[in-house]
Each structure stands twice: as C-alpha cells, then as structure tokens.
Amino acid sequence: MKSDIKSMLPGELEDYFISIGEQKFRAEQVFSALHKGILTFSEIKTISADLREKLDNEFYISSLKLIEKQVSKTDNTSKYLWQLGDGETVECAVMVYKHGTTLCISTQVGCKMGCIFCASSALGLKRNLTASEMLDQIIFTQQDLTPLKQGGQRIKNIVLMGVGEPLDNFDNVIRFIKIINDQSGIKIGARHITVSTCGMIENIDKLTMYDVQLTLAISLHAPDDDTRTYLMPVNRKGDVKALFDAGKRYFNKTGRRVTYEYAVIENINDSSDQAVSLSNFIKESHGHLNLILLNDIKNSKLKPGSIKSVYRFRDILTKNGVNCTIRRSLGTDIEAACGQLRRRNLHEMD
Ligand code: SAH
C-alpha cells in the first residue's frame, strides 16, 4: 500500500530521500510543491522523471473533492463540504474578519465527546483525520477562494473548531501543526492557530509540555459541575476547577492567555449566580471570555438566550472586572455551526 506523503514532516522526507541515495534538498522541493496543491508527481518539474516515478510508486497525494459550497448572503462567511479519499465528508468554514481571513477546519469525521448542544455529536465518531486531510482543507479552500491576483485573501488564521475534538486526535493534530508551521510549506505560525477543546485535561497538559505559542480555547459553557456535566459528558472525567487549573498551567508555561468559550443557553447557564461564579474563575485564571450565542439546533430543547439576556450576563461579568467579548454569530443563514452541513448532507443521502 502506498504511503501518505502529505502527512510526512520535512525531516521525515529528508530521511527518505537520503535513504534512496538522493540529496536531502529534494525534500524541500517536494514539500513545497505538495503545499501548492499539485495532484500528481508529474507536476513537480524540479525533479527528474526517474525520481517522480519512484515517488509515484511509493506514495499517494491526498486531495479533496468539493461536494457543496454555501456563501452567506448577510456576511462574508462561506462553508465547504469536502469529500475525503474514502468517501467520508468534512466541513470547514471561511470567516472574514478585520484581522484577516480565518479558516475553521475539522479534525475528525464526527465526534465522540457527546456535548448535547452540538450537531457533530449526534452521529458519533467515524474516524480521525490524518495530518494531510487537515492540511488539504487549507490548500483546497484557499484554491477555491478568489485568486489572490484578483484581490482574493490569503487564509491567515486557522482555528481547529470544526467537527471533532482536536485533542482526541492528538498526534495527528501536532503533526499537522508542525507541517503548516514549516517555512517551505504554507507557513502559518503557531500564533495564528487556535486549538479548541471541550476540556480533555490530560491532553491539555500534554499540549502544555510542547510549549508552543498556539492559542488554546477551552469550551466551558458552565461554571458549575452539575450544569457542565449535563451539557458536556467529558466533565465527568475532571471537574471545572481541575479544568481551570489545566488552563492556568498552559498560561504559566506558554504565556498565552487561554480563551474560554461560553454559549449562553436560556435557563441553563445564564443565571446571575453563574455569571458571578464564572467571573471569579476567569479572573483568577487570567483568561479571556468569549460569549457566544447558541446556534439553534433543530429539534433541540436547548434554546439560545435572548440578546438582552446575553447583554445582562455580559454586564455582570464586566462589572466583576472580566475581560469579555461577544462573538459575532457569522453565517447563521448557511448552517455554519459545527456539524450542521455534514449532518444535513448525510440525512439527504439516507
Ligand atoms: N471539540 C472542540 C472543537 C469543536 S466545537 C471543542 O469542543 O471546543 C467548536 C466550538 O463550537 C466549541 O466551543 C463548541 O462548544 C461550540 N459549539 C458547538 N455547538 C454549538 C452550538 N450549537 N452553538 C454554539 N456553539 C456551539
């Protein structure tokens, strides 16, 4: 069986070329060609025909096929549903902010974490994505955006906030990050990457040990264990306090402020007491709080709080000295919330 060349680190490619008696600079030539989105080795003109054939016998080049694309009428958000080599699908979303174009990518096909407000949970986990399948979401989405020459924008920031739990696919996610960091590829620095987790404490600590300048986002959604465990089963493995402790360790080691995500859900996590308790946790941990309007999921009993109640909740936090923003809900007309597009597509196929 052929190996997945786009999941290889530059150092691994060098080792391969040395092992077949080639110069190690071939690795950089091939790595950078792969990141331009070539589909066959015959497109790499900087290497000999012999070497192209050798590579073709040994490796395959992963790619994605576009199944569906939606462009929001109300903002610049667009959403892509891509098909992977084995027929599974993943989605990603492009969001245009003042600070640059951001791509939200998926890290798994489905998800096993079971958060009850999330559209991705309903269908369970199919499999992890490889590093190349995460990289391909960037390469092929960038190719589809208006070409740079015609005023299109280069994807500048990557958020691992699509379908899946990045820290449940730890090794591939780290590999992917190292690949996109590299100077000879698409070159996206750690400071432009956000890893969002539902709170797998042991793996947050593993990430802390890597000591890279990523932004860590923790999906919190409740400051008390009863509510959080109800919303997010992962909370049974470690409580809210333990989660904040892990966030603090990340901050102490990397110096990067942790972002806590909090979707306001009517009558579940929007009380004044919860706002006060949340303030204390956030202040104590030097974190940043991102309030989100819950995306309405069809047939769910969980309802978003009204705009008014979100402002009331925010005001209590601000009064208590918490650094807090309300995240604009982009692309609500195109099902840009995690998992919604893939879920509808699967239902349509039933
Ligand atoms: N598994 C990771 C990343 C994927 S989810 C995580 O849990 O962080 C990306 C973000 O969207 C998380 O903050 C998640 O809690 C949030 N989210 C999921 N469903 C949502 C919904 N219906 N409304 C608002 N935010 C939602």
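For the single chain, residues carry numbers from 1 onward in sequence order. The structure displayed is predicted, hence computed values, not measured ones. Counting starts at 1 for both ligands and their atoms, following the listed order.
- Checked against the 6.0 Å centroid threshold, Tyr16 and Phe59 count as a close aromatic pair.
- Of all the atoms in ligand 1, the ones that sit under 4.0 Å from a non-hydrogen atom of Gly164 are 1 (N), 2 (C), 3 (C), 4 (C).
- When heavy-atom distances to ligand 1 are checked against a 4.0 Å cut-off, Thr197 comes that close only through its backbone atoms N, CA, C and O.
- Once rounded to the nearest 0.5 Å, the distance linking OG of Ser132 with CG of Asn172 reads 8.5 Å.
- Residue-to-ligand polar distances place Ser196 within reach of ligand 1: an N/O pair is separated by less than 3.5 Å.
- Contact record, Ile44 with Ile38: CG1-CD1, 3.5 Å, taken as the closest heavy-atom pair.
- Closest of all the heavy-atom pairs between Asp136 and Ser63 is OD2-N, 3.5 Å.
- A 4.5 Å side-chain heavy-atom check between Ser121 and Ile116 finds every atom pair outside the cut-off.
- For ligand 1 and Cys118, the ligand atoms under 4.0 Å from any heavy atom of the residue are 18 (C), 19 (N).
- Ligand 1 places these atoms under 4.0 Å from at least one heavy atom of Cys198: 6 (C), 7 (O), 8 (O).
- Relative ring orientation between Phe281 and Phe244 is described as parallel, the plane-to-plane angle staying below 30° on a 0-90° scale split at 30° and 60°.
- Distances shorter than 4.0 angstrom occur between a heavy atom of His221 and an atom of ligand 1.
- Under a 4.0 angstrom heavy-atom cut-off, Gly162 registers as being in contact with ligand 1.
- Annotation: side chain of His35 is in contact with side chain of Ile179 (closest heavy-atom distance under 4.5 Å).
- Residue Leu294 has at least one heavy-atom neighbour below 4.0 Å for each of these atoms of ligand 1: 21 (C), 22 (N), 23 (N), 24 (C).
- Here is the list of ligand 1 atoms found below 4.0 Å of a heavy atom in Phe117: 15 (O), 17 (N), 18 (C), 19 (N), 20 (C), 21 (C), 22 (N).
- For atom 23 (N) of ligand 1, the nearest non-hydrogen atom from the set Thr259, Val195, Asn295 comes from Asn295.
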